[in-house]
Amino acid sequence: MLSCSLRRIRRLCSSSSLSSVIFNNNTNSSSTISLLSPSSYYFHYCFISTTTTLTSRANLLSKGRHINRSKSNAAAYSAIHLALDSVVKIFTVSSSPNYFMPWQKKSQRETTGSGFAIPGKKILTNAHVVADNTFVLVRKHGSPTKYRALVHAVGHECDLAILVVESQEFWDGMKFLELGDTPFLQQAVAVVGYPQGGDNISVTKGVVSRVEPTQYVHGATQLMAIQIDAAINPGNSGGPAIMGNKVAGVAFQNLSGAENIGYIIPVPIIKHFIDGVEKNGIYVGFCSLGLSCQPTENVQLRNHFGMSPEMTGVLVNKINPLSDAHSILKKNDIILAFDGVPIANDGTVPFRNRERITFDHLVSIKKPNEKASVKVLRDGKEQEFSITLRPLQPLVPVHQFDKLPSYYIFAGLVFIPLTQPYLHEYGEDWYNTSPRRLCECALRELPKKAGQQLVILSQVLLDDINTGYERLAELQVKKVNGVEIENLKHFCQQVENCSTENLRFDLDDDRVIVLDYHKAKIATSRILKRHIIPSAMSNDLIGEQNLETESAYSN
């Protein structure tokens with residue numbers, strides 16, 4: 001017989017912080033009570049005793065599961081109650097740019113997504129739900145009416161967007177969801193939205209299985225994300241993940257080829273986006289140190305750079321010339337700590353309860369133009385520097401949504417700035433199917449100064465004036481009449497203002513194009529008419545040319 005009653009055990013456990021109680025009975029066998037949580041009154045009993053039957057143990061386990069299931073169901077019902085008056089379905093009509101023919105767009109398509117109301121009479125959703133939009137409508141749950149919505153701010157990098165609806169009728173009865181905290185592992189969340197397979201609202205339950213920096217597919221960036229075991233299907237994007245009565249994140253993508261693995265954008269990323277928009281009026285981006293770093297897990301590598309056994313950090317390989325760190329840090333510096341937080345040899349820092357996360361996360365959540373303290377080991381001596389952080393743009397843009405691509409056509413030669421979306425036109429396997437030289441430039445080269453672009457000859461619209469030059473497509477333009485090119489605007493200026501009889505283009509791989517300038521100007525009009533192209537240059541370049549002409553006349 002047990003030495004203490006079950007009632008006494010409950011009383012003992014409810015007043016104790018112990019997660020288990022072990023005691024002996026008169027038969028010298030031990031009995032253990034394992035608690036689901038120290039403060040809970042619902043216990044999972046595992047008696048190892050000659051006086052406890054298997055039947056009673058099974059009954060207790062079943063009761064515990066039933067109680068936990070009831071709690072989970074209650075959380076789901078709470079999420080549904082909140083969602084009915086706050087989650088909306090978004091209908092988007094979009095038209096993407098055609099980078100092979102930048103003077104026109106691709107055919108329009110219709111997509112749907114989800115969103116939810118936040119304080120300030122705004123709707124939060126994903127950027128990819130409204131990317132390249134031409135028309136956006138929203139519909140409340142239980143309403144047949146669709147209301148016109150406008151994109152107030154969009155951050156493609158973090159895949160978030162804010163919509164506004166001017167109709168006051170839309171906001172009648174709407175409730176605003178509050179942002180909560182980042183959930184811990186194994187905490188339950190309910191994902192609410194309008195996934196494919198139906199037209200009504202849907203709620204799926206899941207638990208948090210991982211919190212770490214993840215590749216955001218839409219923005220091609222590495223930011224913190226929460227992995228959950230709830231299905232996130234097309235249409236779910238932009239819907240809230242609710243924990244308790246607050247938002248724990250925004251659903252935005254799933255893991256291809258896996259079952260029931262979805263990702264939500266956590267609250268710190270959401271707050272960074274919203275705070276930046278409220279402060280600056282537009283999305284400003286996430287900060288970067290502008291460094292390429294290498295782990296120092298190899299003992300010989302650490303010894304070579306003078307690291308003592310207790311030192312940990314990462315090795316600086318490259319520094320972006322446009323970053324503030326370029327004038328402060330040096331190649332082969334060892335970064336030991338960021339804002340007083342030690343960096344491990346694998347580049348991670350402590351995060352919450354026995355979790356670790358890459359130190360890039362500490363950098364990304366800093367506000368633009370905010371200073372950070374960086375401790376480095378240089379030539380065997382420890383030094384500390386203050387570095388101003390700000391968002392940095394790559395030499396070759398990773399994405400280019402909500403804007404038409406720039407282009408300039410002269411004598412049937414189509415010139416554009418190199419972007420990754422242009423390379424994506426070569427298909428899903430663009431890394432292997434796109435021109436190798438351009439792909440390497442896009443992924444590896446750093447800008448030398450602000451505003452720099454890589455100008456390429458994307459294609460040749462055949463005509464007598466350019467016969468023989470068609471094989472020079474997909475090469476970078478280096479110079480125009482001996483002048484090095486900074487960007488497409490500069491290239492356009494050099495061509496339009498040419499004062500010599502012949503015009504010479506120096507391309508990559510030491511290739512050369514020479515044109516009779518007067519004949520090429522005449523041929524340009526002929527080629528544009530033949531291909532039904534409305535203008536020889538994109539609107540952004542037309543505006544620049546007009547401004548320069550007006551300035552010249554005023555002077």
Side-chain angles (χ1 to χ4, degrees), residues 17 19 181-186 208-216 221-227 266 268-269 272 286-392 394 443-446:
S17 62
S19 61
D181 299 317
T182 303
F184 286 89
L185 300 181
Q186 289 300 301
V208 175
S209 54
R210 187 177 293 160
V211 180
E212 65 179 4
T214 303
Q215 184 82 3
Y216 281 38
T221 49
Q222 194 91 358
L223 294 171
M224 182 196 284
I226 300 172
Q227 179 182 308
I269 302 298
H272 188 283
F286 286 75
C287 292
S288 171
L289 268 174
L291 304 178
S292 174
C293 296
Q294 175 184 343
T296 59
E297 296 173 292
N298 186 278
V299 176
Q300 297 158 98
L301 182 68
R302 293 198 299 270
N303 291 339
H304 175 77
F305 287 100
M307 298 176 65
S308 59
E310 67 276 4
M311 281 184 179
T312 60
V314 290
L315 174 66
V316 176
N317 299 129
K318 290 183 180 179
I319 307 176
N320 190 319
L322 302 185
S323 69
D324 189 57
H326 187 262
S327 59
I328 299 175
L329 300 182
K330 295 181 179 180
K331 183 180 179 181
N332 294 334
D333 280 349
I334 303 291
I335 302 181
L336 304 175
F338 181 86
D339 271 349
V341 180
I343 300 174
N345 293 327
D346 63 352
T348 62
V349 294
F351 176 67
R352 302 195 312 186
N353 182 26
R354 297 176 64 184
E355 297 175 68
R356 299 194 69 84
I357 195 169
T358 58
F359 88 96
D360 290 336
H361 170 67
L362 301 181
V363 179
S364 65
I365 61 176
K366 302 284 280 189
K367 296 179 181 179
N369 298 319
E370 187 177 356
K371 292 186 178 294
S373 174
V374 178
K375 185 178 181 181
V376 304
L377 177 69
R378 179 183 297 171
D379 299 327
K381 297 180 180 179
E382 293 185 26
Q383 301 183 47
E384 195 155 342
F385 302 101
S386 178
I387 299 177
T388 302
L389 302 178
R390 61 178 182 271
L392 297 173
L443 298 177
R444 301 186 186 280
E445 288 197 23
L446 296 174

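- Residue pairs meeting the salt bridge (charged side-chain N to carboxylate O under 4.0 Å, His left out) criterion with at least one member in residues 357-371, sequence neighbours excluded: D339-K366, K366-E370.
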Under 3.5 Å, side-chain donor or acceptor atoms of residues 309-317 against the rest of the protein: list the pairs with distances, not counting sequence neighbours.
from, atom 1, to, atom 2, distance (Å)
E310, OE2, S308, OG, 3.0
T312, OG1, I343, O, 2.8
N317, OD1, Q294, N, 3.4
N317, ND2, Q294, OE1, 3.4

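- By the 4.5 Å heavy-atom criterion applied to side chains, V211 and P266 are not counted as neighbours.
- Annotation: R356, atom CZ; neighbour count of heavy atoms from other residues, nucleotides and ligands within 6.0 Å is above 12.
- With sequence neighbours excluded, no residue forms a salt bridge (charged side-chain N to carboxylate O under 4.0 Å, His left out) with D346.
- In this structure the side chain of S386 never reaches within 4.5 angstrom of the side chain of S373, judged on heavy atoms.
- What you find for R390 and L322 is that their closest heavy atoms are NH2-O, 2.6 Å.
- Shown here are the salt bridge (charged side-chain N to carboxylate O under 4.0 Å, His left out) partners of E445, two or more places apart in sequence or in another chain: there are none.
- A pairwise comparison of heavy atoms in L392 and S323 identifies CD1-CB, 3.6 Å as the closest pair.
- Partners of N298 under the side-chain contact (heavy atoms from CB on, under 4.5 Å) rule, at least two apart in sequence or in another chain, are Q300, L301.
- Contact record, L446 with P321: CB-CD, 4.1 Å, taken as the closest heavy-atom pair.
- Every residue two or more places apart in sequence or in another chain that forms a ring-ring contact (aromatic ring centres under 6.0 Å, His included) with Y216 is listed here: F252.
- Residue F385 comes nearest to V376 through the heavy atom pair CE1-CG2, 3.4 Å, listed as atom of the first residue, atom of the second, then distance.
- Between V208 and P183 the shortest heavy-atom distance is CG2-CG, 3.6 Å.
- Every side-chain contact (heavy atoms from CB on, under 4.5 Å) that H272 has, sequence neighbours left out, goes to F286.
- To the nearest 0.5 angstrom, R302 atom CZ is 6.5 Å from M307 atom CE.
- For the atom pair CG (L377) and OG1 (T296), the distance works out to 10.0 Å, reported to the nearest 0.5 Å.
- Residues that satisfy the salt bridge (charged side-chain N to carboxylate O under 4.0 Å, His left out) test with R444, not counting sequence neighbours, are E440.
- You'll find the side chain of R352 reaches within 4.5 Å of the side chain of T182, heavy atoms only.
- In terms of heavy-atom proximity, G290 sits nearest to S288 at N-OG, 3.0 Å.
- Remark: A337 pairs with K375 by the side-chain contact (heavy atoms from CB on, under 4.5 Å) rule, at least two apart or across chains.
- How far CG of D379 is from CG of N332: 9.0 Å, rounded to the nearest 0.5 Å.
- The salt bridge (charged side-chain N to carboxylate O under 4.0 Å, His left out) check on E297 picks up nothing, with sequence neighbours excluded.
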Check residues 324-331 and write down every donor-acceptor pair under 3.5 Å in which the side-chain atom is one partner and the other belongs to a residue at least two apart or another chain.
from, atom 1, to, atom 2, distance (Å)
D324, OD2, T388, N, 2.9
S327, OG, D324, O, 3.2

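- With hydrogens and angles ignored, the 3.5 Å screen pairs no side-chain donor or acceptor of R378 with any backbone N or O of D333.
- When the side-chain contact (heavy atoms from CB on, under 4.5 Å) test is applied to T214, the partners found at least two apart in sequence or on another chain are E212, A225, Q253, Y263.
- F338 is listed as a side-chain neighbour of V363, based on a closest heavy-atom distance under 4.5 Å.
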